[in-house]
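Sequence lines set the chain letters: A, B, ... in the order given, protein chains first and strands last, and positions in each chain run from 1.
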Protein chains: 2
Amino acid sequence: MAVSTVYTVQSLNSTCSISTPSKTHLKFNQKHLVFYTTSKKTFTTKRASDISCSAEDKTVVIGLAADSGCGKSTFMRRLTSVFGGAAEPPKGGNPDSNTLISDTTTVICLDDYHSLDRTGRKEKGVTALDPRANDFDLMYEQVKAIKDGVAVDKPIYNHVSGLLDPPEVIKPPKILVIEGLHPMYDARVRDLLDFSIYLDISNEVKFAWKIQRDMAERGHSLESIKASIEARKPDFDAYIDPQKQYADAVIEVLPTELIPDDNEGKVLRVRLIMKEGVKFFNPVYLFDEGSTISWIPCGRKLTCSYPGIKFTYGPDTYYGNEVSVLEMDGQFDRLDELIYVESHLSNISTKFYGEVTQQMLKHSDFPGSNNGTGLFQTIVGLKIRDLYEQIVASRVGAPLEATKA
Amino acid sequence: MAVSTVYTVQSLNSTCSISTPSKTHLKFNQKHLVFYTTSKKTFTTKRASDISCSAEDKTVVIGLAADSGCGKSTFMRRLTSVFGGAAEPPKGGNPDSNTLISDTTTVICLDDYHSLDRTGRKEKGVTALDPRANDFDLMYEQVKAIKDGVAVDKPIYNHVSGLLDPPEVIKPPKILVIEGLHPMYDARVRDLLDFSIYLDISNEVKFAWKIQRDMAERGHSLESIKASIEARKPDFDAYIDPQKQYADAVIEVLPTELIPDDNEGKVLRVRLIMKEGVKFFNPVYLFDEGSTISWIPCGRKLTCSYPGIKFTYGPDTYYGNEVSVLEMDGQFDRLDELIYVESHLSNISTKFYGEVTQQMLKHSDFPGSNNGTGLFQTIVGLKIRDLYEQIVASRVGAPLEATKA
């Protein structure tokens, strides 16, 4: 049974026009026209080729590739916090929705574009990592529609039941974050991204974390944990990992090098790999842009507890691209360490002195708040805010023009 | 035959008074009274206990310990150049004088305090490094006299003949540098120093340099060079090397670590070890005072030729003292490298942007002008100028008082 409904939703100060085949122009203000059809398992978005909106409020689209965790991820909470306001699931909707909405930002989980539900994947013998279990055509169409200012009716993958639930409406936000396994896999989706991030947890750390959680908290055996990681690896290597090369920023999480032979995964070495030459994105640097630096802030002015903190910064290449890499090994034990480090970083896109520290403190209960994962997630959040503001400013500066879809 | 003469020499804006046993005070202005007696081999200076001068023009005394090279050393030429004016031997004096005089600075060579001439040392079987070959009582008396504003009649050790020549008059300069083997050996002399420097050439580099000079230029054999270094080593280790611990600044010259297994001694790793807590001396630092930093300035902004340049900075301990260490490995190939490095160093006591670079370029023909020896010698020169000016300023600020000798 196919249902077709027209949604009329308010967007953000947008001016859109719809052209009909007869060339009659229907003008409307602060409204969007949305067409969608839905059948049991197929969701489509009416192509927005006939709808054009003013450029200045086009949704900025951010892609975040991460192996696991969707919607509720710490990174997303840090990002939305930078913009102010809390991110919450859509009100009155499916309680199992994976979406998070705040004033400015909507985070959608790409698991919602699974074309096969849990049973379907089992039957066909494919994992969720396999592109064949995902509907990239729909992902592309809907992300494109949102980017063009058109609300869509997005499916919901229910992580509890493993089934595809009825869709939810996603209105065009200021910033759309698409988070999940494959934001940069499909070239068409990739091209829609204004900025892309790959969260790269090394195998050693993944293993240490999984042991900690699954053995200690869930009573799994070491062998079963190893087996589950090994089973996942071929598809991960084939379909997820290669997306790194397209990311504008990669956050790599590695074991510390400050403690010899550490494999606890508690003290981390985290690298922020930032692509050079990305419009509206100026990589963070330490002391001297473009040179190679290592810095142990702990010394006469700042005393750190064992094993201390070490930063490294410098130019490098990553999958053939020029990048700048900022690395933090170790962890913060005290507030003065955090603010001291922040005060020596440049290009962090803060609006006031100590904003990184303020954000980190605000969410000190989030995982990684005392190490490079929290620090770099917060900084990437600030960089995205900056990127968003620069994009908007550049649009305001440019003459308004209808965007050809 | 003993000769006694009274010298009356003009000093620098000084006000001195001489007290006689009968307590009658004889006031005089801009004059110094000097007594000296000289016999064939014994030089004494009338103790200046009865002469007191205003504190503000007391000579600032700098000690420089270095294994070889006296008077004409590059370091001294760099130092005097910082103060402006060229350093020259005393006019009309002994052509073999080891002294260098400029407007502000007089450099005396401590070899002049040899108590044994070449024949005497041979007869007694002692080297010039041995304290028994040196007259520390006279060294102390004369340095003290000069510091107190009293000219002295300093012996001359003739490096050509190996004999002790008749003395030359040394008037109190603004800055007296005592350079040689033992400026910090005798505790009394050491206590007279306002600042002390030890130039520490590592054995590897000494050897490489000696081979280069003595084999290539003088036709010595490798074996004879090794033998001469070995013969010197016990006395060097016993009497010269231990002075390091007293130095306010040590310049260590080591083989490069940028070229694996390099033993040519052409590319150098030079360390400037600066004692903490020395009055009027604030150690140079890189980026963040008191932390540990390594910096390879060559990168996107600055391109360096092989093997590049690497700086290291950080706190350390040296003979039980807190020190800051600044290290430069590699060499400058171009002016932009030098000015780039200078612009990132702090506390270098320059009076205008680029002063270090200007000094280095002015003496680009001096040995070490393209590496850390030249850089750190120049910086130490600037630090000494700063120290001198601070000492003078502190004296002007304090009420004038007669200095008890």
B:Ser291 and A:Trp295: CA distance, side-chain angles, deciding distance, side-chain hydrogen bond (donor to acceptor under 3.5 Å, both in side chains) verdict: CA-CA 7 Å; B:Ser291 74; A:Trp295 177 48; 3.0 Å; yes
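Here A:Phe287 and A:Tyr313 keep their ring centres 6.0 angstrom or further from each other.
Under the 4.0 Å criterion applied to side-chain N and carboxylate O atoms, B:Glu322 and A:Arg300 are assigned as salt-bridge partners.
Other residues, nucleotides and ligands contribute at most 12 non-hydrogen atoms within 6.0 Å of the NZ atom of A:Lys279. Enclosure of atom NZ in A:Lys266 is not indicated, since only 12 or fewer non-hydrogen atoms of other residues, nucleotides or ligands lie within 6.0 angstrom.
Judged by distance alone, with hydrogens and angles left aside, the side-chain atoms of B:Asp194 form no donor-acceptor pair with the main-chain N or O of B:Val60 at under 3.5 Å.
Ranked by heavy-atom pairs under 4.5 Å with chain A, the first of B:Leu286, B:Ile293, B:Asp288 is B:Asp288. Counting heavy-atom pairs closer than 4.5 Å to chain B, the top-ranked of the candidates A:Gly314, A:Ser294, A:Ser324 is A:Ser294. Comparing B:Gly299, B:Pro315, B:Cys298 by heavy-atom pairs within less than 4.5 Å of chain A, the highest count is held by B:Pro315.
B:His363 and B:Ser81 form a side-chain donor-acceptor contact under 3.5 Å, judged by distance and modelled atom types alone. For A:Glu342 and A:Thr357, the side-chain atoms include at least one donor-acceptor pair closer than 3.5 Å.
Neither the backbone nor the side chain of A:Thr312 comes within contact range of chain B; no heavy atom of the residue lies under 4.5 Å from a heavy atom of that chain. Both the backbone and the side chain of B:Glu289 come within less than 4.5 Å of a heavy atom of chain A.
Contact residues of residues 380-389 of chain A toward chain B are absent (heavy-atom distance under 4.5 Å).
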